[in-house]
*Asks:* 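Next up is a structure, given as structure tokens.
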Amino acid sequence: MFSPIGRYEFTIDAYLTDFRGRATLPMIGGFMLQAATKHADERGFGYSSMTSQQRVWVLSRMAIELFEYPKNDTSMIIKTWIVSVNRLFTERHFAFEDSDGKTIGYARSLWASIDLKTRKPTNLTELDGLSDYIYTEKECPIEGLSKISAMKDEYEKADEFIVKYSDVDINKHLNSMKYIEHFVDVFDIDMFKDKEITRIEINYISEGRYGSKLDILKREEEDSNFILEMKDGETSVCSTRIIWKQF
């Protein structure tokens with residue numbers, strides 16, 4: 001039987017960094033999904049096992065906090081483990097370390113499973129093996145996941161885009177990390193010169209479908225604290241809270 005905690009190492013190559021030579025938030029999120037996928041595959045509830053049961057994992061909420069961003073030509077260690085399982089959701093945590101074992105961040109995530117045909121939630125307590133790996137002894141000392149209220153007024157339209165080939169995943173829906181990519185792109189590059197995103201919290205609400213035109217709305221709650229919402233017409237697709245800090 002595998003350990004409850006999975007440990008996975010990733011190399012920060014130049015093509016994964018921004019103009020400052022640091023890993024981008026979408027790239028770190030992508031590493032998280034790879035770590036979660038490997039952890040699940042090794043323990044018998046990964047993609048192949050799920051699809052054989054006509055199920056698929058769906059990311060519902062996620063929060064990432066980074067104390068520092070890994071730099072070009074370094075390694076990043078991601079540890080991940082399952083914290084809880086109920087009928088509708090399982091919560092998975094992550095810890096980020098540099099190659100020397102120094103902690104550089106944490107993340108929390110909430111996952112559901114849906115039926116491939118009906119697209120309705122399935123009962124996670126019926127999934128063999130999942131609850132065997134619940135582990136609550138390791139700390140994830142960041143604020144928990146919360147609901148982000150829909151914006152009704154005092155916002156600006158920050159961007160719009162059409163969901164195209166490079167945006168979609170295996171289900172032809174907007175890839176989980178593409179949401180983050182489009183959200184961070186609404187900020188001017190000059191903002192990244194003296195500030196850094198220290199926390200992003202994202203609620204996945206509905207599926208961004210291929211060919212859809214999506215609008216991104218933005219409101220600054222307070223200095224360096226933003227709420228953004230992605231909408232397909234009047235339908236909310238995704239919302240996020242992004243907190244910046246000065247270098």
Side-chain angles (χ1 to χ4, degrees), residues 1-12 22-46 57-71 74-113 124-125 127 129-148 176-177 179-180 184 196-204 224-225 239-247:
M1 183 173 175
F2 283 91
S3 166
I5 300 178
R7 181 188 183 278
Y8 308 97
E9 184 170 354
F10 300 92
T11 301
I12 311 300
R22 297 173 186 161
T24 66
L25 195 53
M27 290 302 102
I28 293 172
F31 289 155
M32 284 175 55
L33 293 190
Q34 288 186 54
T37 298
K38 291 178 180 179
H39 183 274
D41 281 339
E42 291 166 353
R43 289 155 183 79
F45 42 88
W57 287 113
V58 176
L59 184 56
S60 177
R61 293 184 184 179
M62 179 171 62
I64 303 172
E65 281 195 23
L66 289 161
F67 315 138
E68 65 179 74
Y69 282 70
K71 298 178 181 179
T74 64
S75 294
M76 178 181 187
I77 310 300
I78 297 183
K79 295 178 179 178
T80 184
W81 63 101
I82 295 165
V83 179
S84 64
V85 178
N86 60 37
R87 286 178 58 87
L88 291 179
F89 296 107
T90 177
E91 185 166 356
R92 173 184 288 278
H93 291 176
F94 302 83
F96 309 139
E97 299 176 357
D98 65 16
S99 56
D100 296 323
K102 175 186 174 183
T103 300
I104 60 173
Y106 291 96
R108 295 172 179 256
S109 61
L110 197 66
W111 300 75
S113 166
L124 289 176
T125 62
L127 196 58
L130 180 61
S131 296
D132 295 339
Y133 288 97
I134 293 174
Y135 188 75
T136 58
E137 296 178 28
K138 185 171 177 59
E139 188 180 15
C140 182
I142 64 171
E143 186 179 338
L145 301 164
S146 62
K147 183 178 180 180
I148 302 171
S176 300
M177 292 306 109
Y179 290 89
I180 296 178
V184 298
E196 192 66 272
I197 295 174
T198 184
R199 179 179 170 96
I200 181 169
E201 188 170 349
I202 186 163
N203 289 184
Y204 298 96
S224 301
N225 188 332
S239 58
T240 188
R241 179 181 292 109
I242 295 178
I243 300 173
W244 296 74
K245 69 175 181 179
Q246 202 82 23
F247 284 151

*Asks:* Determine yes or no for a side-chain-to-main-chain donor-acceptor pair under 3.5 angstrom, with D100 supplying the side chain and K102 the backbone.
*Replies:* no

*Asks:* So do the side chains of R43 and I82 get within less than 4.5 Å of each other, counting heavy atoms only?
*Replies:* no

*Asks:* Looking at side-chain heavy atoms only, is the closest gap between L127 and S113 below 4.5 Å?
*Replies:* no

*Asks:* Quick check: closest heavy atoms across G144 and E201, and the distance to 0.1 Å?
*Replies:* O-OE2, 4.0 Å

*Asks:* Less than 4.5 Å apart, side chain to side chain, heavy atoms only: is that true for L59 and S109?
*Replies:* yes

*Asks:* Give the minimum heavy-atom separation between P70 and I12, together with the two atoms involved.
*Replies:* CB-CG1, 3.9 Å

*Asks:* How long is the gap from CG on L145 to CD1 on I202, to the nearest 0.5 Å?
*Replies:* 11.5 Å

*Asks:* Could you report the tightest heavy-atom contact between V184 and P26, atom names first, then the distance?
*Replies:* CG2-CG, 4.4 Å

*Asks:* Say whether, by atom type as modelled, one donor and one acceptor occur between the side chain of H39 and the main chain of G46 under 3.5 angstrom.
*Replies:* no

*Asks:* If every non-hydrogen atom of R199 is compared with every non-hydrogen atom of I142, which pair is closest and at what distance?
*Replies:* NH1-CD1, 4.1 Å

*Asks:* Looking at every non-hydrogen atom in both residues, tell me the closest pair between A107 and F96 and how far apart they are.
*Replies:* CB-CZ, 3.8 Å

*Asks:* Report the C-alpha separation of Y8 and Q34 in whole Å, then their side-chain angles, then the decisive distance to 0.1 Å, and conclude whether the side chain to side chain contact (heavy atoms under 4.5 Å, CB included) test is met.
*Replies:* CA-CA 9 Å; Y8 308 97; Q34 288 186 54; over 6 Å; no

*Asks:* Let's go through L25 and L66 carefully: what are the C-alpha distance in whole Å and the side-chain angles of both, what is the deciding distance for side chain to side chain contact (heavy atoms under 4.5 Å, CB included) to 0.1 Å, and is it a yes or a no?
*Replies:* CA-CA 9 Å; L25 195 53; L66 289 161; 3.8 Å; yes

*Asks:* How close do H93 and C140 get, heavy atom to heavy atom, and via which atoms?
*Replies:* ND1-CB, 3.3 Å

*Asks:* In chain order, what residues pass the side chain to side chain contact (heavy atoms under 4.5 Å, CB included) check against N225, with sequence neighbours excluded?
*Replies:* E221, E222, R241, I243

*Asks:* Can you name the residues that form a ring pair (Phe, Tyr, Trp, His ring centres under 6.0 Å) with Y204, not counting sequence neighbours?
*Replies:* Y179

*Asks:* So do T90 and R92 actually touch side chain to side chain, heavy atoms under 4.5 Å?
*Replies:* no

*Asks:* Partners of F10 by ring pair (Phe, Tyr, Trp, His ring centres under 6.0 Å), sequence neighbours excluded?
*Replies:* F31

*Asks:* Take L124 and W57, measure what side chain to side chain contact (heavy atoms under 4.5 Å, CB included) needs, and give me the verdict at the end.
*Replies:* CA-CA 10 Å; L124 289 176; W57 287 113; 3.6 Å; yes

*Asks:* Less than 6.0 angstrom from the centroid, inside 45 degrees of the normal: does R22 satisfy that with respect to the ring of Y69?
*Replies:* no

*Asks:* Any chance you could measure E91, atom CD, to I134, atom CD1, to the nearest 0.5 Å?
*Replies:* 11.0 Å

